[in-house]
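Step one of this worksheet: look at the structure below.
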There are 2 protein chains.
Amino acid sequence: MKHLAKDECGFATALNAIGGKWKTEILWEIALAPRRFGALRRLLPGVSEKVLAQQLREMEADGLVRRQVFPGAVQKVEYSVTDIGRSLNDAVCVMSAWGKAQERRMVLRPVVGQEKPRPLIRLRA
Amino acid sequence: MKHLAKDECGFATALNAIGGKWKTEILWEIALAPRRFGALRRLLPGVSEKVLAQQLREMEADGLVRRQVFPGAVQKVEYSVTDIGRSLNDAVCVMSAWGKAQERRMVLRPVVGQEKPRPLIRLRA
DNA sequence: TAAATTACGCACTTTGAAGTAAGTACTACC
DNA sequence: GGTAGTACTTACTTCAAAGTGCGTAATTTA
């Protein structure tokens, strides 16, 4: 792995794209299959409609997801992953593999109370 | 790349390790060479002593960083990267490369003034 | 002797992403 | 007619990470 100069580093850019609380999960879900807004709501228990809409709009602006409105009586909007989104998902998977390998060693900080063991972010590997 | 089950994904673990605002930069700097506390302060303009000390302690607890106190008249503490830290840095570089490649396309959101884009990462509780 | 450097610790404040709750507008079903 | 589902938007609140500023204690330099 080559060292990049500090100001040539694109990590901030990558985090800017994936840094939202639900973005990796959104990316994961729509990478599995195109999903509608309501389907994503149900697939990501705990996400609010506000944040879901917000992060989808940002990801669309970043070219990670495609938003398609289908004509018809009832509203139908479908979100799918773009090639760029898929490539980001792949990059995320490298970090994911690292995390998986180090899992036992790490000090898992937050986890207050008896909240679900540790809701992990899903993605491709 | 193979699909991992949701609860087998280690991305949260990775973010837990590198998610602090300054951690990637700290890792980067000490990966170049072992650094003393004061040197890091100067190398990361804008970091507060509180946060620097805090994140170094967390990274030490996570095994990313080694802290060595040198005996002598003046206090001297040196921070260096561990093998684990270096491996994380490599993983980070993959995302960094992605970011570098996509940089022009991305919508760099806020970025007030001349500050660099540095989004925070938040995990699910 | 006063000031600066070393590596922090502690208490308080700020900030902004995310959460909460409500509203919109259209359709569909009973 | 009333309730439910579609895909959102908007105003307000919460809370923890990060920022601010001051304290410490030994030593070294001017």
Side-chain angles (χ1 to χ4, degrees), chain A residues 12 15-26 30 34-61 65-80 108-113 115 119 121, chain B residues 15-26 30 34-61 65-80 109-113 115-125:
Chain A
L15 276 196
N16 201 33
I18 205 64
K21 184 169 176 182
W22 301 91
K23 287 187 181 179
T24 50
E25 288 199 62
I26 292 170
I30 65 178
R35 309 281 193 190
R36 297 179 59 179
F37 186 87
L40 284 173
R41 270 211 52 188
R42 285 183 291 272
L43 287 165
L44 311 181
V47 74
S48 66
E49 298 188 336
K50 186 201 78 169
V51 173
L52 180 55
Q54 193 175 280
Q55 307 213 338
L56 281 170
R57 267 184 283 112
E58 289 180 359
M59 294 170 79
E60 193 198 353
V65 312
R66 192 179 302 114
R67 180 178 183 273
Q68 293 174 88
V69 184
F70 290 89
V74 268
Q75 286 189 71
K76 181 175 174 182
V77 180
E78 204 175 74
Y79 295 91
S80 50
L108 297 181
R109 267 174 298 281
V111 190
V112 191
E115 295 297 306
I121 297 170
Chain B
L15 276 195
N16 200 31
I18 205 63
K21 183 168 172 180
W22 300 91
K23 286 185 180 179
T24 49
E25 287 198 61
I26 292 171
I30 64 178
R35 310 282 193 189
R36 297 179 59 180
F37 186 86
L40 284 173
R41 268 211 51 188
R42 285 184 290 274
L43 286 165
L44 311 181
V47 73
S48 67
E49 297 189 336
K50 187 201 78 169
V51 173
L52 180 55
Q54 194 175 282
Q55 308 215 335
L56 281 169
R57 267 185 280 114
E58 289 181 358
M59 293 171 80
E60 196 198 351
V65 164
R66 193 180 299 115
R67 180 179 184 271
Q68 293 175 87
V69 183
F70 290 90
V74 238
Q75 287 189 71
K76 181 174 174 183
V77 181
E78 204 176 75
Y79 295 92
S80 51
R109 268 172 294 280
V111 189
V112 193
E115 294 302 301
K116 27 200 166 171
R118 195 166 300 291
L120 299 183
I121 308 172
R122 303 190 62 171
L123 295 174
R124 300 180 64 182

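A note on names: the letters A, B, ... follow the listed sequences, proteins ahead of strands, and every chain is numbered from 1. Because the structure is a prediction, the values reported are computed rather than measured. The analysis underlying the following values was restricted to heavy atoms, covering all of them including side chains, and did not include hydrogens, waters or symmetry mates.
To the nearest 0.5 Å, atom CG of residue Asn16(B) and atom NZ of residue Lys23(B) are 7.0 Å apart. Of the inter-residue distances, the one linking Gln54(A) atom CD with Lys21(A) atom NZ reads 12.5 Å to the nearest 0.5 angstrom. If you take CZ on Arg67(A) and CD1 on Ile30(A), they are separated by 13.0 Å, rounding to the nearest 0.5 Å. From Gln75(A), atom CD reaches atom CZ of Arg36(A) across 9.5 Å, with rounding to the nearest 0.5 Å. In this structure, Lys76(B) NZ and Phe37(B) CZ are separated by 16.0 Å, a value rounded to the nearest 0.5 Å.
For dC8(C), the OP1/OP2 oxygens have a side-chain nitrogen or oxygen of Arg67(B) closer than 4.0 Å. Under 4.0 angstrom from either OP1 or OP2 of dT27(C) there lies no side-chain N or O belonging to Lys76(A). One finds a side-chain N or O of Arg42(A) lying less than 4.0 angstrom from the OP1 or OP2 phosphate oxygen of dT6(D). An OP1 or OP2 oxygen of dT6(C) is reached within less than 4.0 angstrom by no side-chain nitrogen or oxygen of Arg36(B). Residue Gln55(B) places at least one side-chain N or O under 4.0 Å from the OP1 or OP2 atom of dA18(D).
Per the geometry, CG belonging to Leu52(A) stands 13 Å off P belonging to dT6(D), to the nearest Å. The interatomic distance linking Glu78(A) (CD) with dT6(D) (C1') rounds to 14 Å, in whole Å. In this entry the distance linking CG of Leu56(B) with P of dA17(D) reads 17 Å, nearest Å. Rounded to a whole Å, the CD atom of Gln68(A) is 16 Å from the C1' atom of dA7(D). Atom CG in Leu40(A) sits roughly 9 Å away from atom P in dA7(D) (whole-Å rounding). Whole-Å rounding puts the Arg41(B) CZ to dA7(C) P distance at 10 Å. One interatomic measurement links the two molecules: CD of Gln54(B) to C1' of dA7(C), which rounds to 15 Å at whole-angstrom precision. Computed from coordinates, the Gln75(B) CD to dA26(D) C1' distance equals 7 Å when rounded to whole Å.
The C1' atoms of five pairs define one axis at each end of the helix from dT1(C)-dA30(D) to dC30(C)-dG1(D), and these two axes lie 20° apart (to 10°).
Checked against dA18(C), dT9(D), dA7(C), the side chain of Ala53(A) finds its nearest nucleotide in dT9(D). Nearest nucleotide to the side chain of Arg57(B), out of dT28(D), dG19(D), dG9(C): dG9(C). Nearest to the side-chain atoms of Ala73(B) among the listed nucleotides dA28(C), dA25(D), dT27(D) stands dT27(D). Comparing dA28(C), dT28(D), dG9(C) by their nearest atom to the side chain of Glu49(B) picks out dG9(C). Of all nucleotides listed (dT6(D), dT27(C), dG19(D)), dG19(D) comes nearest to the side chain of Val51(B). Distance from the side chain of Val77(A) is smallest to dA7(D) among dG19(C), dA7(C), dA7(D).
Counting distance only, with no hydrogens placed and no angle test, the side-chain atoms of Lys50(B) and the base atoms of dG19(D) include a donor-acceptor pair under 3.5 Å.
Trp22(B) pairs in a side chain to side chain contact (heavy atoms under 4.5 Å, CB included) with only one of the listed residues (Leu40(B), Leu44(B), Leu56(B)), which is Leu44(B).
Val74(A) pairs by the side chain to side chain contact (heavy atoms under 4.5 Å, CB included) definition with nothing, not counting sequence neighbours.
Heavy atoms of Phe70(A) sit nowhere under 4.0 angstrom from any nucleic acid atom.
The two atoms that bring Gln68(A) and Ser80(A) nearest to each other are NE2-OG, 3.7 Å, heavy atoms only.
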